[in-house]
Amino acid sequence: MDLRVGDVVKVEKDEFFPADLVLLSSSYEDPICYVETTNLDGETNLKLKQALQATSYLNEDSAFKDFRGIIRCEDPNANLYSFVGNLDVAGQRYPLTLNQLLLRDSKLKNTDYIYGVVIFTGHDTKVVQNSVTPPSKRSKIEKQTDKLVYLLFAVLVLMSFTGSLVFGIATREDLQHGRMKRWYLRPDETTIYYNPKRAPIAATLQFFTALLLYSYLIPISLYVSVEIVKVLQSFLINKDLHMYYEEGDKPAHARTSNLNEELGQVDTILSDKTGTLTCNSMDFVKCSIAGTSYGYGVTEVERALARKKTSSLAQEKSDEDFHEFYMETNPLVKGFNFKDERITNGRWVNEPYSDVILKFFRLLAICHTAIPDVNEENGTVTYEAESPDEAAFVVAAREVGFEFCERSQASISINELDPLTGKKVKRIFELLKVIEFSSSRKRMSVIIRDEEGNLLLLCKGADSIMFQRLASNGREFEEHTRLHINEYANAGLRTMVLAYRQLEEVEYQRFNEEFTKAKNMIIADQEKIAEAVAETIEKDLILLGATAVEDKLQIGVPECIDKLARAGIKIWVLTGDKMETAINIGFACSLLRQGMKHIIINSETAEFDALEKSLNESAASEALKANIFHQIEKANDLLASSNESLSLIIDGKALTYALDIDVKDFFLELAISCSTVICCRSTPKQKALVTRLVKLKTRKTTLAIGDGANDVGMLQEADIGVGISGFEGMQAVMSSDIAIGQFRYMERLLLVHGHWCYRRISLMICYFFYKNIAFGFTLFFYQAYASFSGQTVYNEWCLSLYNVLFTSLPAIALGVFDQDIPARLCLKFPVLYQQGVQNVLFSWFRIIGWASNAIFSSICIFLICILGLEDQAFRRGGEVVGLEILGATMYTCVVWVVNCQMALSINYFTYIQHLFIWGGIALWYIFLLAFGAMDPSISTTAFMVFIEACAPSPSFWLILPLVLFVALLPYFTYTAIQMHFFPMSHQMIQLMYAQSDDTEFV
């Protein structure tokens, strides 16, 4: 049934919400429910939604019998992260927020059922408001092919016009003083077409006749053939077992076949980091508590740095010990890769600051919005958290001995180790307030009451925010903690600071009243007002320490990036991480290399802070912009004077000014001259803007790759969008052109499939133009020979079947199966990829070369056939060559020449190609026999021409090898000279491969 605004609906567990709803009640006693929003924002973590207490009693159908209410809310809009409205029930007005909003296409999880009232349906829902028409993408080769077709059409018109002009002049002069020059056309008896008195009309009719006759120059079947080839190429990509991600059961998936050849021409890759280069599976590795660093784990960044230069750690250990020490195994517990016997197995109670350690891990177990999910079969507990970091914190607390086990709307329970008794005890904390994390606040807090009645505020957040909120008596461990945080950042770890404070009852009551009032406001600035109130209580904190979690690199990422860089592909990373973390991840994944100079454009400096404080907002903005412009100019000067490889690292705030209309050209000039670009603290909008800038200004092929909903804009802006089908939902995949399971498959996707597809499509299109031009110009030359009379030399059926039966299948086989070198050599010699980037195989020089070869072939075919047959006798009666014999012989030569040209062009023969090439030639003879045996009313000029005239004549068989030799000699000669004296990169590899006995080539 159709839903209308105001309808009350019941949604059960694991069902999708059919419209945008306001939550009224749920199966829980507390009116809460859990929602999965994967289809909206790509996040797999569950969101907690809570109904108003005023409607919580409506938990069965009969309860709605006498229920009446009025909802007033904002107009339909695309903002997924805000909602303003109110509900009037029983004379009371209650504010509605995002906590009560259930969006269409999200799914109900861990809740038996909910009741909700419809507020937006159809095109008014937020998910539809957010939907955009996906951009239409076409490859550069396809666009260039269109230009070629237009050019050929211009040639066709020119040929037709030339022929009609010559024909018109000849017709006008056909009958003079009663004598006929072209007596066989009987200009004295014709009506219009050959009438000398009406020569202009005759010329006009000849023009249109010629347009139809020479239309075989235009390869209409090319588009159909290319589409068939691209679909088959996509099938081969999808079925490539080397790109199958077994762990996630995710094969590669070419979601569109339009861009296969574009994969072989990528100049710049713009990549997300988290979930794309890394696993987005956080492991708790280290922590700093009370000024002491715990955790002996060595991160991938540290391993990479140790490989680049000799570290003190490497000097202390032998090579064998060093290898064992660094090659960490996967953690036994997902999210927990912490190794330190001082903390684990309850030994933390023996540490000097055991009380601080208890508060530290208790904070991790309480300060979150995670949801415990108990497996009913084996009793194990897993956690659904809003982020992988948060899940890692809860798991870490559990593994140390502080197990979060239960939460309700009003309380949270943990099983923790009692340091006095040494036994596990269950502690229940009253949950008074949750002040949620936001990108502007960069922190999260909870206010609880413990079992002794103490009011506590527990807070965790970014170091840049937290340190400035510490009390003067809460900075005891600040110096050591800052030092540890810098060490963790240099090791590529994500850090978070933990602190707390004890509250007075009066202070909390005052805050609660103001915070509740702010939350109940229905104005645009409601969120800012609530944040301002929260700041009044999130102060005077006492520092406990800091956490450090590792987002591991995906397997094979450094090797893949190194190989792509050797292929000449520029790689940009657009990440939300802080600059130190991004730089060290860059070293770990081979984006940044030792000896490479780094150009850093950073807005987080004391100079910038002073400008912002000393000036008003607009003046500060102009001053900051001028400063960024000065840094870019200075970097460009350095670039001009340096021959070294350079990298550019820029943060999000600086990037905002760098993308301004009067600065972006200078920024791009700098960026494209660098080997590597890393944009830190980038927003989704900035990712899309950078991608658009690179694509439009460089006019080279860009490829964007990402895994989350925040990457959708970037994927759609790029020439090619590649989605990682990981664990962040399907938004990126659904917006992509190609989906793969891991970043490392980019190596094979581009260097093997991209190179092959580019080469195959380029050669196939060139060959198509070659065979059509060769065929079309034989028609033109015969027309010139026949005074442009409009008489075709070939049978009508032969004209129609040329592109269908006799020449198309070899071209399709070429487009699907041809290989210049095997896959392993494509990967071994990545420099070969530059053929596509530089468009070597589909340049105008190469296209003109193919066209010239085609014209030369058509001249050879026509002249040799005309000169070789005009004095020959055919059939038993010794008749001279007629139109039907000339046509059959020329057509036979055309079929042989274009198919043998294909055989010369192919690098990698398969049985299918042999079948199509030689089968196409054999099919022509079979057709000539079968069609010639039909009634003359059907076969017309082909009637018995092969059996009676051509086959018995030696001339027919002798002309063929002569035509083949003369027509193919230029191509053969050019190829031989070019291969031996001016070899292309793939030809050099072929020569090495053919001559080498080294097993590494096998």
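Note that the structure is predicted; figures quoted are calculated from it, not measured. In what follows, residues are counted from 1 in the order of the sequence shown.
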Pairing donors with acceptors under 3.5 angstrom, does anything connect the side chains of [X] and [Y]?
| X | Y | answer |
| --- | --- | --- |
| Tyr244 | Asp249 | yes |
| Tyr794 | Thr941 | no |
| Thr892 | Trp924 | yes |
| Thr145 | Glu142 | no |
| Asp267 | Thr698 | no |
| Thr807 | Lys771 | yes |
| Gln265 | Thr701 | no |
| Asp240 | Tyr745 | no |

For [Y], is there an ion pair with [X] - N to carboxylate O distance below 4.0 angstrom?
| X | Y | answer |
| --- | --- | --- |
| Asp737 | Lys137 | yes |
| Glu262 | Lys140 | yes |
| Asp146 | Arg138 | yes |

Given Tyr214, which of Phe777, Phe781, Phe780, Phe775 fulfils the ring pair (Phe, Tyr, Trp, His ring centres under 6.0 Å) condition? Phe780
Given side chains that start at C-beta, do those of Tyr925 and Phe946 come closer than 4.5 Å, heavy atoms only? yes
Does Phe153, at its CZ atom, have more than 12 non-hydrogen atoms belonging to other residues, nucleotides or ligands within less than 6.0 Å? no
Whether over 12 other heavy atoms sit under 6.0 Å from Tyr223 OH: yes
Without swapping roles, check the side chain of Gln987 against the backbone of Met984 for a donor-acceptor pair under 3.5 Å. yes
